[in-house]
Amino acid sequence: MATVETEVAAPALAYQDGFEHIMDELKRLDILLHLEKCTVTANARAAEQAFAGHKYISDEELDYLLSNPRLDAEQTDIADHLQRLADLDKAIARKIDNTDTQTVFLPLLYVAGLFQLHWLEYQLLLLCLAIEIDQKYEKVYGYLQDNITLKRPSLSLLVSANSFRDIDQNILQGLINHTSSLLKYRLLHVNIDEQSCTGVLRSHFYRLDKDLLLFILYGCAPDRLPVAAATLVSLPQHALADIASQQQYRDRLAAVMSRATMGGVIHLYGAAGSGKQTLVQMLLQGTTQMYVRIEAKVLFAAEDYPQQLHSVIGRAVLHQLPILIVDLDRVGQVEHTQPQQIASLFALLAIHSLVVFSAGEQRILGDAIPDQGFLFQMEVDAPGDAEQGVLWRHYLKHTPGVDRNSAALTSLSGRYSFSPAQIRHAAGLYAMQVGRTFDEALLTRVCNDTSKQIKDDLVTIIKPKYTWDDIVLPDDTLTLLRAICAQSSNRNRVMQEWGFEDKIHYGHGLSVLFSGPPGTGKTMAAHVMANSLGLPCYKIDLSGVVSKYIGETEKNLEKIFNEAKSCNAVLFFDEADALFGKRTDISDAHDRYANIETSYLLQKMEEYNGIAILATNLRSNMDDAFLRRIRFIVDFPFPDAASRKQIWSKLRPPAAPVHASVDYDYLAQQLKVSGANIKNILLNAAYSAASEGGEITLSNIAESARLEYQKIGKSWNDHILENTRV
């Protein structure tokens with residue numbers, strides 16, 4: 001045995017960078033491999049095998065490849081190498097202790113601590129890293145594995161190179177069945193070659209993942225993620241920090257994150273485009289340059305979703321990237337997915353104490369709330385009128401005339417309840433079409449096009465064309481209708497600028513009841529109001545909404561109002577008599593549930609930011625307790641003779657040929673019908689005259705009136721219009 005010289009202890013040094021530490025670890029690896037070479041050579045000689053005939057590299061060449069200033073190639077005694085290995089271990093440990101890891105980043109130690117690697121896993125990581133740094137290890141591994149074509153380290157090489165230490169069989173088993181962190185998070189990739197190699201240890205070969213290699217050597221973040229369900233998103237630079245509600249949300253989220261001590265999810269839910277992802281991006285400003293966005297429905301629908309999930313989480317943990325999961329609330333709606341999958345996600349987050357963000361339209365149901373980790377849920381409302389004004393000015397700041405027309409933008413915020421995404425979209429469309437001056441009419445058309453349409457069989461979408469000049473109503477009724485429209489236009493000024501929103505915390509919606517006999521102009525009035533405000537009108541037939549099944553009516557109403565939040569339309573509920581009734585005295589369960597349905601509708605109307613109108617033929621059908629919850633009640637009386645004359649005159653188009661003998665004053669006196677009946681009579685008379693090829697005569701009108709009377713069940717005699725032959 002050769003004499004080991006005692007070295008003078010040198011002052012302990014610190015690592016200047018991570019690469020210096022890697023080089024020391026490779027020196028240490030060289031000693032391990034040299035020890036393995038000594039063992040291989042000794043075993044071959046003991047068995048008197050012609051070992052050199054089975055390799056393509058000589059012992060001398062291998063000694064040269066594994067030589068370094070600390071290792072004398074001529075000293076082949078195993079005890080000497082073990083001593084040098086122990087000395088180098090101590091030297092590395094001293095330098096690590098003297099290194100300020102707050103300023104000097106040691107990637108190998110970082111990865112080992114992050115994924116809690118066992119010392120055997122750490123050795124495998126070094127074996128895989130060495131071959132990526134220096135090509136010499138291809139020859140070394142081939143020599144030691146008795147096959148020059150085997151250039152990747154195998155489990156057999158790992159075990160034999162560390163045979164002088166006690167090997168934990170559980171850790172070794174984890175490297176075989178992929179439960180090791182290195183394989184579970186796809187930091188290493190395994191290739192199993194059972195045909196050319198016999199035995200489990202000799203058939204498992206490992207390769208370092210490219211992302212991990214670039215991280216260890218250069219600190220690089222990945223340019224893409226290894227699964228289709230996840231993408232890297234660069235963090236945009238937002239200039240919207242002055243939106244009050246967003247700041248409030250940010251403060252709440254920051255407080256939740258500061259109290260979170262274990263992994264979990266902060267789930268933000270609300271209508272599509274309400275700014276949930278923008279809020280997360282604003283919260284992350286100054287902390288990172290990018291984040292991981294995971295499509296939950298895509299991820300959990302994959303057959304190998306556990307492997308993909310670990311791979312994505314592993315990259316996020318390695319690079320300390322925030323995570324945003326979208327559609328986590330819909331995981332249970334995807335085929336082959338179960339709420340338990342969400343629990344598996346929470347369990348994984350708890351292992352690494354990760355807090356991730358989630359964005360969806362609904363709350364995560366109780367069945368999916370996990371035992372491990374925590375779940376914090378917060379609803380994100382659409383921005384208020386004042387905040388919408390901020391967004392409009394932000395996205396239109398480069399278009400002409402915006403500063404001089406701020407009042408128009410304020411009015412716009414009051415009329416349209418847009419999400420941030422809708423405002424950005426509408427502003428972009430407007431900027432593409434506008435000329436050199438501000439065009440409020442163009443901006444209104446763009447807003448109408450941007451408004452979503454309710455997609456429901458119970459809703460009829462109407463593009464209103466009637467104006468105030470078309471409708472005939474008493475002056476008091478018209479004044480009240482105009483006042484309702486004025487409130488809609490000035491809602492932003494009163495509620496936001498004048499501060500009434502802080503004093504009145506609910507009931508901001510404009511709930512209106514139209515009552516009157518059929519055909520007196522209730523539907524037409526809704527069209528006129530919508531047209532004057534530049535909004536679409538959505539007609540909902542309440543007789544189709546009401547269901548005999550308990551709870552179904554509320555579900556139908558909730559669906560309509562949820563979709564209407566971003567539609568910015570005048571909602572017109574026709575046939576309200578199907579729902580309302582004097583139900584104060586409850587006699588059975590049906591009366592009780594009818595009260596619940598009515599209260600639910602009125603509550604939704606109060607919460608709705610726009611105008612919601614109920615139409616009933618009999619106001620007396622509504623209980624006084626319900627009437628008190630409605631902001632405006634508008635009565636539509638049966639038209640008198642003067643009103644009927646105006647209706648006849650207004651309904652006649654200028655181009656329609658009408659015989660001079662037709663006297664509207666006479667028709668108004670003789671035909672005591674509603675405006676809807678007058679419309680039908682005049683229209684049918686016009687078709688009759690067109691088929692005869694002449695003008696619209698009193699005879700045509702009389703015949704049409706007779707048919708209309710029969711339809712509505714009203715008695716008719718020929719003396720009603722005595723001069724029909726004129």
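With values rounded to the nearest 0.5 angstrom, Ile678 atom CD1 is found 15.5 Å from Arg652 atom CZ. Between the CZ atom in Arg393 and the CD1 atom in Ile423 there is a gap of 11.0 Å [rounded to 0.5 Å]. Separating the NZ atom in Lys714 from the CG atom in Leu671 is a distance of 8.5 Å, to the nearest 0.5 Å. Going from atom CG of Asp439 over to atom OG1 of Thr444 covers 8.5 Å, rounded to the nearest 0.5 Å. Residue Lys465 holds its NZ atom at 10.0 Å from CG of Asn531, rounded to the nearest 0.5 Å. Rounded to the nearest 0.5 angstrom, Leu557 CG and Met605 CE are separated by 10.5 Å.
Counting all heavy atoms, side chain and backbone alike, Ser643 lies closest to Pro639 at CB-CB, 3.8 Å. Nearest heavy atoms, Phe632 versus Gln487: CZ-NE2, 3.3 Å. Heavy atoms only, all atoms of each residue included: Gly360 and Lys276 are closest at O-CE, 3.1 Å. Here the closest non-hydrogen pair linking Arg363 and Gln377 is CA-OE1, 3.4 Å. Taking both residues in full, the closest heavy atoms of Gly675 and Ile647 are given as CA-CD1, 3.9 Å, listed atom of the first, atom of the second, then distance.
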Start with the C-alpha gap between Leu473 and Phe636, add the side-chain angles, then the distance that decides, and say whether side chain to side chain contact (heavy atoms under 4.5 Å, CB included) holds. CA-CA 8 Å; Leu473 290 171; Phe636 287 74; 3.6 Å; yes
Apply the test side chain to side chain donor-acceptor pair (under 3.5 Å) to residues Thr479 and Asp476: give CA-CA distance (whole Å), side-chain angles for both, the deciding distance (0.1 Å), then the verdict. CA-CA 5 Å; Thr479 300; Asp476 290 345; 5.3 Å; no
What verdict does the side chain to side chain contact (heavy atoms under 4.5 Å, CB included) test give for Leu602 and Leu614, after you've listed the backbone C-alpha separation in whole Å, the side-chain angles of each residue and the deciding distance to 0.1 Å? CA-CA 10 Å; Leu602 295 177; Leu614 295 173; 4.2 Å; yes
Any chance you could lay out the side chain to side chain donor-acceptor pair (under 3.5 Å) test for Gln603 and Glu607, step after step, and finish with the verdict? CA-CA 6 Å; Gln603 173 192 336; Glu607 294 173 355; 3.1 Å; yes
Pair Leu443-Phe438, side chain to side chain contact (heavy atoms under 4.5 Å, CB included): steps then yes or no: CA-CA 9 Å; Leu443 188 54; Phe438 183 80; 4.1 Å; yes
Could you check Gln277 against Val326 for side chain to side chain contact (heavy atoms under 4.5 Å, CB included), going step by step and ending with a plain yes or no? CA-CA 9 Å; Gln277 296 189 45; Val326 297; 3.8 Å; yes
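With sequence neighbours left out, the ring pair (Phe, Tyr, Trp, His ring centres under 6.0 Å) criterion links Phe573 to Phe561. In terms of the side chain to side chain contact (heavy atoms under 4.5 Å, CB included) criterion, residue partners of Ala641 (sequence neighbours excluded) are, by chain and number, Arg644, Gln669. Legend: residues meeting side chain to side chain contact (heavy atoms under 4.5 Å, CB included) with Ala689, ordered by chain and number and at least two apart, are Ile696, Asn700. Under the side chain to side chain contact (heavy atoms under 4.5 Å, CB included) criterion, Ala660 pairs with no residue, sequence neighbours left out. Not a single salt bridge (charged side-chain N to carboxylate O under 4.0 Å, His left out) links Arg482 to another residue, sequence neighbours left out. With sequence neighbours excluded, the residues that form a salt bridge (charged side-chain N to carboxylate O under 4.0 Å, His left out) with Asp635 are Arg619. With sequence neighbours left out, the salt bridge (charged side-chain N to carboxylate O under 4.0 Å, His left out) criterion links Lys672 to no other residue. Residues passing the salt bridge (charged side-chain N to carboxylate O under 4.0 Å, His left out) test with Lys645: none are found, sequence neighbours excluded.
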Output side-chain donor-acceptor pairs under 3.5 Å for residues 521-530, partner residues at least two apart or in another chain, one line each.
from: Lys522; atom 1: NZ; to: Gly516; atom 2: O; distance (Å): 3.1
from: Lys522; atom 1: NZ; to: Pro517; atom 2: O; distance (Å): 2.9

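Put simply, the side chain of Ile540 does not reach to within 4.5 Å of the side chain of Asp574, judged on heavy atoms. A heavy-atom distance below 4.5 Å is not found between the side chains of Leu698 and His659. Between Ile630 and Val512 there is no side-chain heavy-atom pair separated by less than 4.5 Å. Between Pro474 and Thr477 the shortest side-chain heavy-atom distance falls below 4.5 Å. Between Val634 and Leu513 the shortest side-chain heavy-atom distance does not fall below 4.5 Å. By the 4.5 Å heavy-atom criterion applied to side chains, Ile681 and Trp648 are counted as neighbours. Here the side chains of Gln433 and Leu429 are in contact, with some heavy-atom distance below 4.5 Å. At a threshold of 4.5 Å between non-hydrogen side-chain atoms, the residues Trp468 and Ser532 count as touching.
For residues 677-687, the pairs satisfying side-chain hydrogen bond (donor to acceptor under 3.5 Å, both in side chains) are Ser674-Asn677, Asn677-Glu708, Asn680-Glu708, with sequence neighbours left out. Listed by first then second residue, pairs satisfying salt bridge (charged side-chain N to carboxylate O under 4.0 Å, His left out) with a partner in residues 691-706 read Glu703-Arg706, not counting sequence neighbours. Residue pairs meeting the ring pair (Phe, Tyr, Trp, His ring centres under 6.0 Å) criterion with at least one partner in residues 688-712, sequence neighbours excluded, are Tyr709-Trp716.
Between the side chain of Tyr608 and the backbone N or O of Leu510, no donor-acceptor pair lies under 3.5 Å. A donor-acceptor pair is defined here as one N or O able to donate and one able to accept, closer than 3.5 Å; such a pair exists between the side chain of Ser489 and the backbone of Cys485. Asp329 places a side-chain N or O within donor-acceptor distance of the main-chain N or O of Gln362, the cut-off being under 3.5 Å. Side-chain atoms of Lys539 do not come within 3.5 Å of backbone N or O of Val459 as any donor-acceptor pair.
With respect to Lys604 and Glu558, no salt bridge is recorded, no charged nitrogen being found less than 4.0 Å from a carboxylate O.
The side chain to side chain contact (heavy atoms under 4.5 Å, CB included) test with Ile611 singles out one residue from Ser488, Ser511, Cys537, and that residue is Ser488.
For Tyr538 and Phe572, the ring centers sit 6.0 Å or farther from each other.
For OH of Tyr466, the number of neighbouring non-hydrogen atoms (other residues, nucleotides, ligands) closer than 6.0 Å is 12 at most.
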